[in-house]
Undergrad: 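Have a look at this one.
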Amino acid sequence: MTTDKIITIIEKISAKIQEEKLFLTELDNVIGDGDHGINLARGFSEVEKKLSTMGDKNPGEVLKTVGMTLVSTVGGASGPLYGTGFMKMGMELKDTADVTVEDFVRVFQVAIEGISLRGKSTTGEKTMLDSMVPAKNAMEEALAAGKSPKEAVACGVAAAKEGIEYTKTIAATKGRASYLGDRSIGHQDPGATSFTMMLEILEGEL
Amino acid sequence: MTTDKIITIIEKISAKIQEEKLFLTELDNVIGDGDHGINLARGFSEVEKKLSTMGDKNPGEVLKTVGMTLVSTVGGASGPLYGTGFMKMGMELKDTADVTVEDFVRVFQVAIEGISLRGKSTTGEKTMLDSMVPAKNAMEEALAAGKSPKEAVACGVAAAKEGIEYTKTIAATKGRASYLGDRSIGHQDPGATSFTMMLEILEGEL
Amino acid sequence: MKKFINAVDQVENEMIQGMVKAFPQYVKKLDCGNVVVRTQKKEGKVALISGGGSGHEPAHGGYVGRGMLDAAVAGAVFTSPTPDQVYEGIKAIATDAGVLMVIKNYTGDVMNFEMAGEMAEAEGIKVAQVVVNDDVAVQDSTWTVGRRGVAGTVFVHKIAGALAETGAGLEDVQAMAQRVINNVRTMGAAISPCTIPAAGKPGFEIADDEMEVGIGIHGEPGTYKEKMMSADAITDIILDKILGDLDYTGSEVAVMVNSSGATPQMELFIINNHVADVLATKGIKVYKTFVGEYMTSIEMEGMSISLLKLDDDMKKLLDAQADTPAFKQL
Amino acid sequence: MKKFINAVDQVENEMIQGMVKAFPQYVKKLDCGNVVVRTQKKEGKVALISGGGSGHEPAHGGYVGRGMLDAAVAGAVFTSPTPDQVYEGIKAIATDAGVLMVIKNYTGDVMNFEMAGEMAEAEGIKVAQVVVNDDVAVQDSTWTVGRRGVAGTVFVHKIAGALAETGAGLEDVQAMAQRVINNVRTMGAAISPCTIPAAGKPGFEIADDEMEVGIGIHGEPGTYKEKMMSADAITDIILDKILGDLDYTGSEVAVMVNSSGATPQMELFIINNHVADVLATKGIKVYKTFVGEYMTSIEMEGMSISLLKLDDDMKKLLDAQADTPAFKQL
Ligand SMILES: Nc1ncnc2c1ncn2[C@@H]1O[C@H](COP(=O)(O)OP(=O)(O)O)[C@@H](O)[C@H]1O
Ligand SMILES: Nc1ncnc2c1ncn2[C@@H]1O[C@H](COP(=O)(O)OP(=O)(O)O)[C@@H](O)[C@H]1O
Ligand SMILES: [Mg+2]
Ligand SMILES: [Mg+2]
Ligand SMILES: [Mg+2]
Ligand SMILES: [Mg+2]
């Protein structure tokens, strides 16, 4: 994936988020404060504006800018978390000009670590990490088993979706949903859902 | 009508007001502030308590006490107005021990003057006076025409009811309903309605 | 009806108790009823009394304290207090300098306060009164009862109260109160009604796309219904009416954006944003702005805008210290 | 959704504009976004900054002024502000004495403020922080994010702000803020939800005979639903939880009965009436009471009760003068 491809993917992610804004917000309404879709939509609108001037940058710089823009426009919990994730990926990619899915999975691991550190969180707490971590594991395994890049990401999407289902079964211990205690059980995590949407876009573009 | 009779009439008026509390309040809701029934019900509850100790007083004192109790417990516009009305009647009756309907009509005239003075109001302003004044006139005429006391008060009730209908056709210029301007047209005046209820009780007791 | 209350016939009583228990350093309650007076009676100054029905909190009990009122009398919800209540209040605060009654222009309020004033005068107390009628939503005319008194009343409390605190005489305090009344105009609008506890249901019904323009402060509907509009548009309507009623050209004003009870401060500030812009365009200088709950209608969702045209005396008195539960100025 | 607004994406902006236009003597807005700072920067003292999502008005912009905050940062409605916004606020108010960040305990708030703090420290600014977590409705435990910060935050602003105003050092101001946090507990309940303008519909649904107990301040439902009950009964539930969490025996307290935005003052006072009675029974002495809108959730109909256990230092600082748009003390 070269810079153009990366930009296309981010644009499509943004379009998806705008499209699903109300759905994501609705999910957050039930166990949070009803703004997750609004937050991400605001951030990705700003990201889109930035992308138009980034055609001549390398993929790492593009992702770093995406991350910084999210940090400075989203707010809430998801802003610093997604922002950190994208920034970490961008920094880790250094000057790679053509990013393979293997590269992506490797830097995604670093992104997850960054998110986990920033959020003081781990899997099993009903957050985006419950889709991210299984997705990363599934993609690693698929690549190790010799599957194609597209197949590997498809495995990641499947695992992310299972992660969403898993978040329904547990009570939140991080983020706003944690204040609901057991009342959060039965509802899926908005962040896990938005992450899964993003990964699906990637799959579609391969 | 001796003291016992007067007390019975006031008790029945009180019962009627308690019964119609919500209806009167509803009328006031439309063109006023929705408390006329509540106000009168509060006042007449207090009046009832006072009546129990008034058996040995003359009718004039009973009515004066009714008036003073209304003034000190009803509040709003109707409190001072009805209160003044009853007080004036009581004062005007002096020590009459057995009140005839002729007496009543005479002192009712004084009551109306008191209300009119206190309220700086006259007929045609969509207030209780639009039932009171026609009722008084009708009773006077009926008595002059030789009708029985009961017939005379029945004529008064009929006129009071016409007065209610008349209040529907005009805009208020006094009381809270006046703030609605023409928007008050089409709705009957709560005070004219409560007065007509009282006069009906009197008719029923003759 | 869903409210944090215990019994509909106890709301006024428990509310006043809750107020004096919250602010014992400012106010105490008389035994005779829902009359609230300053904890420390101040001698040697004109005493101010105001009041009306309950449901307008913080009015009027919240304005009892140094630099404003000496007593506030609370009737049942939206019902004028009775003459005896007002009379007890007057007796409790009366000084040799006399007592000024600040009455809002409602038939009931005027009659009940006047009767109380007559009772007090019969006892040798010097009593004067002013009647506040700032609501331009209501047509003023000699053959009606005239305009209602609404949020502008708080400016009367503040400015006349500040003058009284200086030791000015009764006539001067009365004249100053009247000067405020002559120079203040208010109008409001509401998007949802309120419920008198004893009535149990809302004072009016209103569709999702409608608003009541020209509301009073007793839960009654406004002077007319309108389709729901933007904050700027309703602000324009109100300002047009106010500015059309009194000539504010070139003058300095105090602005009050008042909540009817349930309107969030967010919306009040959005309204004030436009008020400030419009006045700036018209060359009217904002001297001071008040935004918040000053004269409410229980939990009505609505607001009013008041403009007080100031002169130098009024400015000084508006700026004077005040220390009451609901109105403080350093 | 019926609101006095112009456009859902302009509410935060127009609100802040409306606030600074109302109170230019107290606050001004930075060009970079919805950051409000004291009109006159005060040198030589620890500067306090707080903030969070919009929708809690008067928090936090209303507390910027002498004796309380130096800056308040407002994110989108119910959304933590971004690190750059907070950073700009810190830079604008930073003095040699340093900056204290008063953060409410939400994942988003903590992360965004901490990132801003790191940015400021990288610029050589001395930064310390406290995290307010007074909401006893939420189970505290080491494996969760812990309790939320709610209305008790206002006591932190007041008391730490008063200490900062005396010229105390950063560590002392931070320690005092932490002392307040350690001694304040809050819990709330709501009977109707609020609507985030950009969402267009209420944050939760609730039946006519139900209430949400243990509400937060972001329009979210509470920790559990209950059948609607009397004001006294819900007050008892809340006080039980608060008094069960911290030992207040024999101590003096500051009480705050806070409106979530739409609750009329009438109901707040009725609640305070019972709070005062219960505390009196338990031998807990009320030193000072605050009743009103201090930390709201737009137009939610709800309330919270906070109890701050006082010592002599805190009492003195609570009594110190404060002069801000929404919190004044003479
Ligand atoms: N500590 C955390 N670690 C990882 N993810 C988190 C954490 N806290 C919250 N999240 C994620 O953020 C999402 C909520 O984001 P958003 O609604 O935008 O922010 P906020 O909760 O501040 O309103 C949650 O659904 C969850 O997936
Ligand atoms: N100036 C007046 N003169 C005569 N009757 C009046 C006057 N003002 C009001 N009323 C009567 O009082 C009634 C309203 O009484 P009520 O609702 O108890 O008091 P309030 O208007 O203060 O709420 C009106 O329906 C009208 O009949
Ligand atoms: Mg959220
Ligand atoms: Mg009425
Ligand atoms: Mg009334
Ligand atoms: Mg949020």
Side-chain angles (χ1 to χ4, degrees), chain C residues 2-7 11 14-19 21-23 54-55 57-58 62 77 191-192 194 208-209 211 228 230-232 234 255 257 261-277 286 289-293 296 298-299 301 303 321 323 325-326 328-330, chain D residues 2-7 11 14-19 21-23 54-55 57-58 62 77 191-192 194 208-209 211 228 230-232 234 255 257 261-277 286 289-293 296 298-299 301 303 321 323 325-326 328-330:
Chain C
K2 222 172 170 183
K3 286 176 183 282
F4 290 112
I5 60 174
N6 293 302
V11 291
E14 290 181 4
M15 172 182 63
I16 297 282
Q17 302 273 3
M19 184 185 274
K21 286 174 193 167
F23 308 119
S54 292
E57 294 68 35
V77 174
I191 56 180
S192 84
C194 63
D208 269 357
D209 63 343
M211 66 198 308
M228 188 63 199
S230 71
D232 287 359
I234 180 63
V255 174
V257 179
T263 313
Q265 296 197 15
M266 172 183 284
E267 297 173 33
L268 302 179
F269 284 120
I270 289 173
I271 289 161
N272 185 61
N273 184 44
H274 194 57
V275 171
D277 289 350
V286 176
T289 302
F290 300 85
V291 178
E293 295 180 345
T296 62
I298 329 179
E299 82 287 14
E301 222 170 314
M303 56 85 185
Q321 276 204 358
D323 196 12
K328 294 184 170 62
Q329 191 153 271
L330 283 96
Chain D
K2 222 173 171 184
K3 287 177 183 280
F4 290 112
I5 60 174
N6 294 301
V11 291
E14 291 182 5
M15 172 181 66
I16 297 281
Q17 303 272 3
M19 183 184 273
K21 286 173 193 169
F23 309 120
S54 292
E57 294 69 36
V77 174
I191 56 180
S192 85
C194 63
D208 269 359
D209 63 344
M211 67 197 308
M228 188 63 199
S230 72
D232 286 359
I234 180 65
V255 174
V257 180
T263 312
Q265 297 196 14
M266 172 184 283
E267 297 173 32
L268 302 179
F269 284 120
I270 289 173
I271 289 162
N272 185 61
N273 184 44
H274 194 57
V275 172
D277 288 351
V286 176
T289 302
F290 300 85
V291 179
E293 294 181 345
T296 63
I298 328 179
E299 82 287 13
E301 223 169 312
M303 57 83 184
Q321 275 203 359
D323 196 11
K328 294 184 171 62
Q329 191 153 276
L330 283 95

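Below, chains carry the letters A, B, ... as their sequence lines are ordered, and counting in each starts from 1. All values derive from a computational prediction rather than experimental measurement.
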Undergrad: Would you mind checking which part of I271(D) comes under 4.5 Å of any heavy atom in chain C, side chain (CB onward), backbone (N, CA, C, O), both or neither?
TA: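 Side chain of I271(D) only, per the 4.5 Å heavy-atom cut-off to chain C.
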
Undergrad: Output yes when a side-chain donor or acceptor of E267(D) lies under 3.5 Å from a complementary backbone atom of Q265(D), and no otherwise.
TA: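 Flag not set: sc E267(D) to bb Q265(D) has no pair under 3.5 Å.
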
Undergrad: Which atoms of I298(C) come close to chain D, meaning under 4.5 Å heavy atom to heavy atom: side chain ones, backbone ones, both, or neither?
TA: both

Undergrad: So which of E293(C), E301(C), Q321(C) has the biggest tally of heavy-atom pairs under 4.5 Å with chain D?
TA: E293(C)

Undergrad: Please determine, among A326(D), P325(D), A231(D), the option with the most heavy-atom pairs under 4.5 Å with chain C.
TA: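 Maximum pair count with chain C is reached by A231(D).
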
Undergrad: Under 4.5 Å heavy-atom distance to chain D, tell me which part of V11(C) shows up: side chain, backbone, both or neither.
TA: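 Contact with chain D is through both the backbone and side chain of V11(C).
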
Undergrad: Does P264(D) reach the side chain of E57(C), with side-chain heavy atoms less than 4.5 Å apart?
TA: no

Undergrad: side-chain contact (heavy atoms from CB on, under 4.5 Å) between F4(D) and I270(C): does it pass, once the steps are laid out?
TA: CA-CA 8 Å; F4(D) 290 112; I270(C) 289 173; over 6 Å; no

Undergrad: Side chain, backbone, both or neither: which part of I234(C) has a heavy atom under 4.5 Å from chain D?
TA: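 Contact with chain D is through the side chain of I234(C) alone.
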
Undergrad: Taking every non-hydrogen pair under 4.5 Å, which of N272(C), I16(C), T263(C) racks up the most with chain D?
TA: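 Most heavy-atom pairs within the cutoff with chain D belong to N272(C).
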
Undergrad: For each of S230(D), A276(D), A22(D), tally heavy-atom pairs with chain C at distances under 4.5 Å, and name the one with the top tally.
TA: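 Ranked by contacts with chain C, first place is A22(D).
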
Undergrad: Give the minimum heavy-atom separation between L268(D) and M303(D), together with the two atoms involved.
TA: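 Heavy-atom minimum between the residues: CD2-CB, 4.1 Å.
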
Undergrad: Can you list the residues that meet the side chain to side chain donor-acceptor pair (under 3.5 Å) rule with K328(D), with sequence neighbours excluded?
TA: none

Undergrad: Which atoms of D323(C) are under 4.5 Å from chain D, going by heavy atoms: the side chain, the backbone, both sets, or neither?
TA: both

Undergrad: Quick check on the interface: out of P58(D), C194(D), G261(D), who has the most heavy-atom pairs with chain C under 4.5 Å?
TA: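 Highest number of heavy-atom pairs under 4.5 Å: P58(D).
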
Undergrad: Test of understanding: with salt bridge (charged side-chain N to carboxylate O under 4.0 Å, His left out), list the residues that count as partners of D209(D), not counting sequence neighbours.
TA: K227(D)

Undergrad: Look at V275(C), V255(C), V77(C), D277(C) and state which one has the largest set of heavy-atom pairs under 4.5 Å with chain D.
TA: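 Heavy-atom pairs under 4.5 Å are most numerous for D277(C).
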
Undergrad: How far apart are the C-alpha atoms of K21(C) and N273(D), what are their side-chain angles, what is the distance that settles it, and do they pass the side chain to side chain donor-acceptor pair (under 3.5 Å) test?
TA: CA-CA 7 Å; K21(C) 286 174 193 167; N273(D) 184 44; 2.6 Å; yes

Undergrad: In terms of heavy-atom pairs under 4.5 Å, which option from M211(C), Q17(C), M266(C), Q329(C) contacts chain D the most?
TA: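 The residue among M211(C), Q17(C), M266(C), Q329(C) with the greatest pair count is M266(C).
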
Undergrad: I need the residue from M228(C), K3(C), E299(C) with the largest number of non-hydrogen atom pairs under 4.5 Å to chain D.
TA: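 Going by pairs under 4.5 Å, I would pick K3(C).
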
Undergrad: Under 3.5 Å, is there a donor-acceptor pair between the side chain of N6(C) and the main chain of D232(D)?
TA: yes

Undergrad: Could you tell me if the side chain of F269(C) sits less than 4.5 Å from the side chain of V291(C), heavy atoms only?
TA: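 Side chain of V291(C) against side chain of F269(C), heavy atoms only: contact under 4.5 Å found.
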
